[in-house]
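First comes the structure, then the notes that go with it.
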Amino acid sequence: MHEAIEHAQAAGDLPLFEIPEVRVQPPNNPGFADYATPVAMQLGRLARKPPAEIAAIIVRHLPDAPFAGAAEVAGPGFINFRLSDDWLKQQVETIIAEGDDLCALQIGAGKRAQVEFVSANPTGPLHIGRTRGAVIGDSIARVLEAVGYRVEREYYFNNAGRQMEMLGRSLRARYLQALGQDAPLPEEGYAGEYLAEVAARLVAEVGDAWREADWPPFKEFAEKVIFEWIRASLLRLGVRHDVFFNENSLYEDGSVWRTLEALRQRGYIYDAPVWEGASEAERAQAAASGAANAAWFRSTALGDEKDRVLVKASGEPTYTLPDIAYHVNKMERGFDLLVNVLGADHGTQYKVVQRGLQALGYDPSRLHVIIHQMVRIYRGGALIKGSTRAGDVIPVDAVIDEVGADSVRYFLLARSANTDVEFDLDLAVAQNNENPVYYIQNAHVRCAGIFRMAEQRGFSDAGADLSLLGEPETTFLRQALRLGETLIYALEEMAPHQIAFFALETARLFHPMYDNVRVFHSEVPEDVARARLRFYRAAKVVFKRLLTLMGMSAPDVM
RNA sequence: GUGCCUGUAGCUCAGCGGAUAGAGCGCUUGCCUACGGAGCAAGAUGUCGGGGGUUCGAAUCCCUCCAGGCACGCCA
């Protein structure tokens with residue numbers, strides 16, 4: 001397009017002006033065209049001609065391309081394109097040749113990306129909200145891989161601090177209870193049943209030898225077992241992290257304090273009992289309680305509502321300081337692209353980290369954050385709510401047991417990260433046609449079925465003449481080849497749910513066609529059957545690719 | 001109260017400043033002796049939360065109001 005406009009300008013058909021970005025995209029209504037561009041209307045003012053006339057000029061200057069059929073002007077000035085049918089039919093061979101790398105792109109070739117996701121502290125089993133982050137993170141990682149990046153999946157965790165101490169103390173109580181002792185759970189301890197499970201395992205391993213032990217060994221044992229659980233749950237969903245990054249290492253290598261020092265040198269740190277913008281009442285209260293100095297981050301200088309404490313009066317850093325140090329660490333590791341998947345409940349916290357990076361002279365836009373909204377679980381129409389601490393959360397393992405890993409992945413993926421997910425267990429448990437997972441997977445199963453039949457009959461697709469394919473097949477191919485632009489869009493918008501919608505649309509085109517385009521039928525001549533079989537080999541590749549991109553299985557039978 | 005997210009068909013949700021706003025489920029009416037019926041065909045269904053504005057053009061961008069969610073700790 002760009003070329004055509006330049007060419008038209010060079011030929012004097014259009015006046016000189018700076019050419020804006022040209023969008024070519026499928027129209028809402030596929031009846032109009034395969035691809036269309038409203039560029040002539042955009043140019044109306046710049047070129048001082050009616051859009052329809054501009055469109056006609058551009059069309060005259062369009063370069064030839066093997067895949068394009070005729071371009072035409074329509075409506076108020078749209079330029080419409082059709083893909084050529086011959087070219088589409090030949091794409092069957094391309095699709096088969098590309099196989100599992102179908103529509104792989106080179107956008108990220110030679111570049112490294114890191115995706116940080118899940119990052120749950122090992123205080124309890126993986127629950128559904130974190131699982132949403134797991135699915136989004138792993139799916140965007142798969143998109144990045146598809147467009148050429150080398151991707152590292154990272155999990156950041158903290159196994160020190162007050163929460164982990166509470167975990168150790170809680171397990172200690174459960175352990176003593178398992179030994180028949182009357183030990184109350186600590187206040188604000190972890191009350192979930194799962195710790196009783198951990199305690200039972202501990203008793204099985206050490207008997208009553210730890211009866212007099214303090215909380216630290218209990219913490220370590222709980223951490224070990226819970227991490228095993230979390231990793232196992234993730235693995236069931238096809239999620240595997242390359243790096244588990246321990247917050248503690250940032251203390252060990254001194255980078256936590258170095259980060260504070262760096263901020264201080266840049267004038268972003270001050271020591272005070274209350275922040276500079278505190279109200280009279282807050283000051284009076286602090287003075288009355290004799291509060292000592294804390295180290296404050298002057299984040300208000302970067303647009304924050306209030307300054308944030310980085311080091312408490314006790315001398316301990318808050319969670320925020322190591323978090324900034326961690327992101328500095330990531331910035332320094334030389335990735336070309338950093339992605340961070342967070343739940344909405346961490347959205348505010350993240351902004352402080354972003355300002356920390358900014359204060360240290362980093363460009364915070366190098367770090368792309370996907371913030372996803374909450375998952376609400378319903379059973380029997382009733383909302384199930386709770387916290388890890390209270391222990392009434394459903395571990396995702398139970399959900400996987402009920403509906404299967406593929407369904408969990410699909411349901412958590414097939415929504416924009418910006419919207420809440422209503423996960424209705426009753427609905428998801430019902431394995432009927434309300435579940436789009438089966439609709440998509442069935443497309444793959446049906447392709448596999450054709451090849452089972454072909455094998456039985458000793459029929460091969462070798463030497464197929466693809467020109468015998470018909471209009472339903474080219475319609476399907478037209479859709480399938482949009483995978484490439486779907487990947488680009490998912491990448492640009494950091495919106496992996498696009499893949500889920502694309503897969504459903506593709507299956508939606510497949511099933512009606514399958515009914516009409518039979519391979520083994522008395523009225524289908526052998527050479528047509530051969531071409532169609534070849535076509536279904538490509539279709540099978542398409543669905544395998546789509547399901548794999550979503551981290552789902554591509555079964556041959558269900 | 002402040003910040004972020006959301007409001008689109010009966011329900012769950014897509015929708016990238018462009019043409020007649022879409023899909024799944026549900027609903028209505030049909031179809032099936034064929035590679036897996038977890039199927040197929042046809043149909044009905046909309047004040048895009050309300051109101052202003054910008055634009056040749058707004059569900060999309062801006063302002064405002066209403067409604068819901070999340071976050072606002074010297075917790076992590």
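Letters A, B, ... mirror the listed sequences (proteins, then strands); counts begin at 1.
Here side chain to side chain donor-acceptor pair (under 3.5 Å) pairs that include residues 411-420 of chain A, with residues two or more places apart or in two chains, are A:R376-A:D420.
For B:G3 and B:G73, the P atoms lie 16 Å apart once the distance is rounded to whole Å. Spacing between B:U8 and B:U12 at atom P, rounded to whole Å, works out to 8 Å. Comparing the same atom, C1', in B:G10 and in B:A44 gives a spacing of 12 Å after rounding to whole Å. Nucleotides B:G15 and B:C40 place their P atoms 24 Å apart, quoted to the nearest Å. Separating the P atom of B:G26 from that of B:A71 is a span of 35 Å, rounded to the nearest Å. Comparing the P positions of B:U20 and B:C13 gives a spacing of 29 Å, expressed to the nearest Å. If you take atom P in B:A58 and the same atom in B:A19, they sit 11 Å apart, rounded to whole Å. B:C62 sits 27 Å from B:G22 when the C1' atoms are compared, rounded to a whole Å.
Contact annotation for A:Y439: backbone-only contact, meaning every heavy-atom pair under 4.0 Å involves sugar-phosphate atoms and none involves a base. Residue A:Q456 is classed as having no contact, given no heavy-atom separation below 4.0 Å to the nucleic acid. Using a 4.0 Å heavy-atom distance criterion, A:M164 is classed as making no nucleic acid contact. Within 4.0 Å (heavy atoms only), A:G347 reaches no atom of the nucleic acid at all. Residue A:V517 is classed as a base contact, given a heavy-atom separation below 4.0 Å to a base. A:N80 comes within 4.0 angstrom of a nucleotide base, judged by non-hydrogen atoms across all strands. A:A292 comes within contact range of at least one nucleobase, with a heavy-atom separation under 4.0 Å. Residue A:F501 is classed as a sugar-phosphate contact, given heavy-atom separations below 4.0 Å to backbone atoms only. Within the nucleic acid shown, A:H497 comes within 4.0 Å of sugar-phosphate atoms alone, with no base atom in reach, counting heavy atoms only. Across all strands, A:V557 comes closer than 4.0 Å to base atoms (heavy-atom distances). The residue A:P512 sits close only to the backbone: its heavy atoms come under 4.0 Å of sugar-phosphate atoms, none of a base. Counting any heavy atom pair closer than 4.0 Å across all strands shown, A:P322 reaches no nucleic acid atom. The residue A:S416 sits close only to the backbone: its heavy atoms come under 4.0 Å of sugar-phosphate atoms, none of a base. Across all strands, A:R518 comes closer than 4.0 Å to base atoms (heavy-atom distances).
Aromatic ring orientation, A:Y326 versus A:Y156: parallel (interplanar angle below 30°, classes split at 30° and 60°).
Look at A:D307 and A:R355 and you find no salt bridge, because none of the NZ, NE, NH1 or NH2 atoms lies under 4.0 Å from a carboxylate O. A salt bridge is defined here as a Lys NZ or Arg NE, NH1 or NH2 lying under 4.0 Å from an Asp or Glu carboxylate O, and A:K540 with A:D556 meets this definition. Here A:K219 does not pair with A:E165 in a salt bridge; the nearest charged N to carboxylate O distance is not below 4.0 Å.
Pairing of B:G24, defined by two Watson-Crick or G-U wobble distances under 3.5 Å, is identified with B:C11. Figure legend. B:U47 is base-paired to no nucleotide; pairs are counted as Watson-Crick or G-U wobble with both atom distances under 3.5 Å. For B:G17, there is no paired base (Watson-Crick or G-U wobble, both distances below 3.5 Å). Across the strands present, B:G3 finds its partner in B:C70; the criterion is a Watson-Crick or G-U wobble pair with both atom distances under 3.5 angstrom. Figure legend. B:G30 is base-paired to B:C40; pairs are counted as Watson-Crick or G-U wobble with both atom distances under 3.5 Å.
Along RNA chain B, the nucleotide nearest A:E305 and the nucleotide nearest A:T318 are compared for position; the residue whose nucleotide lies closer to the 5' end is A:E305. Remark on RNA chain B: of its neighbouring residues A:P273 and A:L504, the 5'-side contact belongs to A:L504, judged by nearest-heavy-atom nucleotide.
The closest side-chain heavy-atom distance from A:S553 to A:Q441 is below 4.5 Å.
With hydrogens and angles ignored, no donor-acceptor pair under 3.5 angstrom links the side chain of A:N516 to the base of B:A41. Applying the 3.5 Å distance criterion, the base of B:G39 shares no donor-acceptor pair with the side chain of A:R446.
A:I450 places its CD1 atom 5 Å from the C1' atom of B:C35, with the value rounded to the nearest Å. A:E188 places its CD atom 9 Å from the C1' atom of B:C75, with the value rounded to the nearest Å.
Here A:F535 and A:F476 bring their ring centres to under 6.0 angstrom of each other.
Judged by the 6.0 Å distance and 45° axis criteria, A:R132 is not positioned over the aromatic ring of A:F117.
By the stacking rule of 5.5 Å between ring centres and under 30° between planes, A:F78 stacks on the base of B:A19. In this pair, A:Y489 lays its aromatic ring flat on the base of B:C16, centres within 5.5 Å and planes under 30 degrees apart.
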